[in-house]
Amino acid sequence: MPLSSLDYLKEQLAELEEAGSAIHPKTLEGEQLPRARFDGRDVINLASNNYLGLAAHPRLKEAASKAAMEYGAGSGAVRTIAGTMTLHRELEKRFAAFKGAEDAIMFQSGFTANSGTVGAILTKEDVIVSDQLNHASIIDGARLSRAEIKVFQHKDVAAADQLLEETKRDGRRQLLITDGVFSMEGDIAPLPGLVEVAEKHGAIMMIDDAHASGVLGTNGRGTVDHFGVHGRVDVQVGTLSKAIGVLGGFIAGPSHLIEWLVNRGRPFLFSTSAPPGVTAACIAALDILEEEPERVERLWDRTRFFKEGLHSLGYDTGQSETPITPVIAGEDRKAQDLSRLLWEAGVFTPAIVYPTVAKGAARVRTIITSEHTEDDLSRALEAFRLAGRRLSLI
Ligand code: PMP
């Protein structure tokens, strides 16, 4: 066979396999439900971000198909040329109101909302002060902006304060940025403290509420609402792909920020806008969020039930305070074994290992949704009991 210039990737893949960190995604056969079929196996699904069970909700499916029939399958252009549809603007207005902001702008994903916004509002003269566990899309956006990046210890408000103090220069802009709910730990940012520190230094305050929209606050309005710091966070990021159940991201903030992103948010300018079906389904999701607050309450009820079950089995769930509940196993191999035993027992929870989490802190990550029944969760807990005993974790 002729030698290919990409052959080095084969060697690198072999190294990943050897280290046990190669990724082989399982395939979902059917809808994203609490009980679902992956790779031919029926399992209790503790792996999705479908917090409120909206991904396969009949009203969203109906809205998506109706919009596709009325407006077509695709938008046909980027937003700034011919791809801004009435549905996009309707969704943006709805999200602005939901978040209590002047305006909002939709991106193709939460990832591009973060990376496109951080990259657009700062320059290489500026500085970004960022929590150590912030999402990859914030890190990429920070790199794209070419601003200086300073990382503070996870949730350490005093360290953020000190970094803002040390990096202050005349004419230099400072951005303090945090996830609202951290995706691997399931803990909540100390937003009131961070807001205070940002105000003290005149820094821009930005929060990525990917895992908090639809989960925290009244009707799932997010971390700002949860802590009652309305009007004190300049930029709120949300995703439409998790609790909202569809696909996309948005930024909510003052109208001059939104107008700036229309002009300088590169994914907005250079990548085709969301299809009508996606956008209409997101609007239907917002309707449900506003009409059915009991969905969020049920999510928290189920979360408490499952967490208490894990604790009474003797498991360590780290600092988790939300439906994202890591079950700490320690070494990478232990987490992989735990995930495998659970899978064999009909429970799907992926292992999260180094470098996604620190060495020695490997885990399986469980995510509860409002649609899991107590019976689903009791069965999952029984599988955790048996697997944990076998691996001497409990
Ligand atoms: N921020 C955080 C904290 C996330 O966990 C994710 C998704 N993994 C994103 C942003 C990106 O969102 P999306 O999947 O909509 O691109």
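The structure displayed is predicted, hence computed values, not measured ones. All ligand and atom numbering here is 1-based and tracks the order in the structure.
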Practice item. Pull out every atom of ligand 1 sitting under 4.0 Å from any heavy atom of S183, numbered as shown with elements. Key: 5 (O)
Review point. Taking the six-membered ring for Trp, are F182 and H211 ring centroids under 6.0 Å apart?
Key: no
Review point. For D179, is at least one N or O under 3.5 Å away from an N or O on ligand 1?
Key: no
Check your understanding: Which value, rounded to the nearest 0.5 Å, describes the distance between I367 atom CD1 and N49 atom CG?
Key -> 4.5 Å
**Study point:** T325, T317, T322 screened by side-chain hydrogen bond (donor to acceptor under 3.5 Å, both in side chains) with K307, the one that passes
**Key:** T325
Exercise for review: Say whether A136 and ligand 1 are in contact under the criterion: heavy-atom distance to a ligand atom below 4.0 Å.
Suggested key: no
Check your understanding: Tell me, which protein residue and heavy-atom name are nearest atom 6 (C) of ligand 1, and how many Å apart are they?
Key -> H135 NE2, 3.3 Å
Practice item. Can you run down the ring-ring contact (aromatic ring centres under 6.0 Å, His included) pairs that involve residues 298-319, sequence neighbours left out, and say none if there aren't any? Key: Y315-F384
**Study point:** Rounded distance [0.5 Å steps], CD1 in I258 versus CD in E92
**Key:** 8.0 Å
Exercise for review: Identify the protein heavy atom lying closest to atom 11 (C) of ligand 1, giving its residue, its atom name and the separation to 0.1 Å.
Suggested key: F111 N, 3.4 Å
Exercise for review: Take R385 and E382 through the salt bridge (charged side-chain N to carboxylate O under 4.0 Å, His left out) test and state the conclusion after the steps.
Suggested key: CA-CA 5 Å; R385 187 180 73 78; E382 177 59 11; 2.9 Å; yes
Point to revise | Protein contact of atom 5 (O) of ligand 1 - nearest heavy atom, named by residue and atom, plus distance | key: H211 NE2, 2.7 Å
Practice item. Give the residue and atom name of whichever protein heavy atom lies nearest to atom 3 (C) of ligand 1, and the separation in Å to one decimal. Key: D208 OD2, 3.3 Å
**Study point:** Distance (rounded to the nearest 0.5 Å) between L16 CG and L9 CG
**Key:** 10.5 Å
Check your understanding: Of the protein's non-hydrogen atoms, which lies at the shortest distance from atom 13 (P) of ligand 1, and what is that distance?
Key -> G110 N, 3.4 Å
Check your understanding: Does CD belonging to E18 count more than 12 external heavy atoms closer than 6.0 Å?
Key -> no
**Study point:** Per-atom contacts of ligand 1 with G248, taking only distances under 4.0 Å to non-hydrogen atoms
**Key:** 15 (O)
Point to revise | Atoms in ligand 1 flagged as close to T239, the criterion being non-hydrogen separation under 4.0 Å | key: 12 (O), 13 (P), 15 (O)
Revision key, fill the gap. Looking only at protein heavy atoms, what sits closest to atom 8 (N) of ligand 1 is K242 NZ, 3.1 Å
**Study point:** Shared hydrophobic cluster for F268 and I138 (ILVMFWY, side-chain gaps under 4.5 Å)
**Key:** yes
Review point. For atom 15 (O) of ligand 1, which of A210, S241, G238, S109 has the closest heavy atom?
Key: S241
Review point. Purely on distance, is any nitrogen or oxygen of S137 under 3.5 Å from one on ligand 1?
Key: no
Check your understanding: Which other residues end up in the same hydrophobic cluster as V78, if Ile, Leu, Val, Met, Phe, Trp and Tyr are linked when side-chain heavy atoms come under 4.5 Å apart?
Key -> I81
Review point. Taking N or O atoms only and a 3.5 Å limit, does V181 qualify as a polar contact for ligand 1?
Key: no
Check your understanding: Does at least one non-hydrogen atom of G249 fall below 4.0 angstrom from an atom of ligand 1?
Key -> no
